[in-house]
Structure formats: C-alpha cells, structure tokens
Amino acid sequence: MILMTRQDTLSVLITFVIGLVAGGYYYITGFSFKDSDVSTKDTYSDFAIVGKAYGNCQSDGCLSFQLLSDGTYRVLLNKADVGEVSKEGVVPKTLRKELTDNIETLALKQLSKKVSTKNCSSMEGGVDYNFKITRAGTDYELDTCKTNINYNTEAWSSLAKLWNYFETIE
C-alpha cells in the first residue's frame, strides 16, 4: 500500500498547475503542436530577377539586386571602404512592364544556353554579370561569361536598362 504524504500531494498539484499554465500559454500564443496554415514560401515562381556583378568590381563595389513581380526591389552594394549598403524601393511601372513584356520564355531559353568559356571580362580584370530569372515557375540563368548572350535582343536591352536604373539610384 502506497501512502501519499501532504508533500507528495502538493508536488502533484504544482506540476498540474504549471502544465496547465504552459499549455494555455502555448495555445494562446500560437505555438500549437499541430500543422499551421501559415505559408512558408520563400521563392517567387511568377516573375523574379536576381542580378549580380562579379569580377574586378571589388574596389568600386559589386552590385547585386533582387526584383519581384510586384516591382519591389532590394539592392546591395558591397563597398570596400563603407561595407554593405542596402536600398529598397519600387521600380517605375514603365520599366516593370517593359521587363515583363520583353523577357519572355523563348528569349530566356535562347539566352540561357550554356557556352564554352570564352574571353570573359572577369578573367581579364573586368566585370561580368549574372542574372537568375524566374518566369512562370521555371528558373533561367543568364551570364555574360557562361551563356549565349545576344546583346541585340529586347530581353537583354531591358535587363541592361534595369541594371542602369539600379546603378543610378541614390
């Protein structure tokens, strides 16, 4: 026969109350133990562009950016003397429309074809540019050193305008 002392009863009661309080806290603050409906999507499958410069741009700062389909952007500039500078905003609607109109799937397929490494600017002390473009759920990579870039296409012209826009924002 097991007898419970007053101390044992008090310990069980305190444990029960603490469990009740902790469970109530988790329930109220949303830390429930079931799957939540909160989206954890961190990619954009509709339309997004990520661009970066590489090569001999370290002294002036290598520019990189992310542009989403709604026109919002984030630009990062790594300057040796200042460190990382970040800017956020929205590109003009005319530029956004030009990008979505000119950067089509067919053009992306052509511009993203891999080529054997040629005389790249980055290999000769210059700067090359890399773009990762998501269009209609498919990712494309355009690189001035590694892919078949035709500089006379409307798609490339639009990307150049976007790059120039980011270089001139204050």
Side-chain angles (χ1 to χ4, degrees), residues 29-32 35-170:
T29 60
F31 291 113
S32 65
D35 292 335
S36 64
D37 294 334
V38 177
S39 174
T40 57
K41 184 176 180 181
D42 60 353
T43 59
Y44 298 89
S45 60
D46 183 32
F47 183 75
I49 302 174
V50 175
K52 67 178 181 176
Y54 65 95
N56 190 25
C57 57
Q58 300 301 324
S59 59
D60 295 335
C62 290
L63 179 79
S64 63
F65 68 87
Q66 177 188 40
L67 174 70
L68 302 179
S69 61
D70 63 358
T72 58
Y73 66 82
R74 181 173 185 186
V75 175
L76 295 174
L77 185 59
N78 291 318
K79 292 194 173 206
D81 56 344
V82 180
E84 190 174 272
V85 178
S86 173
K87 298 176 185 174
E88 295 180 7
V90 178
V91 296
K93 288 182 181 180
T94 55
L95 181 56
R96 187 172 72 215
K97 180 164 177 21
E98 181 179 339
L99 288 165
T100 56
D101 289 348
N102 292 341
I103 300 178
E104 303 169 332
T105 305
L106 183 60
L108 289 171
K109 285 180 183 177
Q110 292 295 322
L111 295 172
S112 64
K113 287 183 180 176
K114 300 285 184 194
V115 294
S116 61
T117 304
K118 50 188 177 193
N119 295 332
C120 300
S121 296
S122 58
M123 293 178 181
E124 299 174 358
V127 178
D128 276 305
Y129 304 93
N130 178 279
F131 295 93
K132 292 183 181 172
I133 301 172
T134 301
R135 183 76 195 223
T138 306
D139 295 329
Y140 302 92
E141 184 171 1
L142 284 62
D143 193 298
T144 56
C145 180
K146 302 172 187 167
T147 60
N148 183 31
I149 301 294
N150 180 350
Y151 298 100
N152 297 321
T153 62
E154 290 179 344
W156 185 258
S157 174
S158 297
L159 286 172
K161 285 181 185 178
L162 178 65
W163 192 273
N164 291 337
Y165 174 79
F166 288 137
E167 284 187 326
T168 59
I169 58 174
E170 294 283 330

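Although no hydrogens or angles enter the test, the distance criterion places a donor-acceptor pair under 3.5 Å between the side chain of T144 and the main chain of Y129. The closest donor-acceptor contact from the side chain of R96 to the backbone of L68 lies at 3.5 Å or more, if one exists at all. For the pair R135 (side chain) and I103 (backbone), a donor-acceptor distance under 3.5 Å is present.
Between the CG atom in N164 and the CG atom in L159 there is a gap of 11.0 Å [rounded to 0.5 Å]. A distance of 7.5 Å separates CD1 of I149 from CG of D143, quoted to the nearest 0.5 Å. Taken to the nearest 0.5 Å, the OH atom of Y73 stands 8.0 Å off from the NZ atom of K87. Atom-to-atom distance recorded for D139:CG and K132:NZ is 9.0 Å, nearest 0.5 angstrom. For the atom pair L99 CG and I49 CD1, the distance stands at 5.0 Å (nearest 0.5 Å). The CD atom of E88 lies 9.0 Å from the CG atom of L76; values are rounded to the nearest 0.5 Å.
Within the 4.5 Å cutoff, no side-chain heavy atoms of T138 are placed close to those of L108. Looking only at side-chain heavy atoms (C-beta outward), F166 and V91 come within less than 4.5 Å of each other. Within the 4.5 Å cutoff, side-chain heavy atoms of S86 are placed close to those of R74.
Taking the six-membered ring where tryptophan is involved, the planes of W163 and F131 are perpendicular, since the angle between them exceeds 60° and thus also 30°.
Closest approach of Y165 and V90 over heavy atoms only: OH-O, 3.7 Å. A pairwise comparison of heavy atoms in A155 and L111 identifies CB-CD1, 3.9 Å as the closest pair. D70 and T72 make their closest contact through OD1-OG1, 2.7 Å (heavy atoms, listed as atom of the first residue, atom of the second, distance). When all heavy atoms are compared, the tightest approach of S112 to L142 is CB-CD1, 4.1 Å. Taking each heavy atom of K109 and Y140 in turn, the nearest pair found is CG-CE2, 3.9 Å. In terms of heavy atoms, V115 sits closest to C145 at CG2-O, 4.3 Å.
Of the listed residues (V50, N130, I133), just one forms a side chain to side chain contact (heavy atoms under 4.5 Å, CB included) with E141, and that residue is N130.
Remark: E154 pairs with no residue by the side chain to side chain donor-acceptor pair (under 3.5 Å) rule, at least two apart or across chains.
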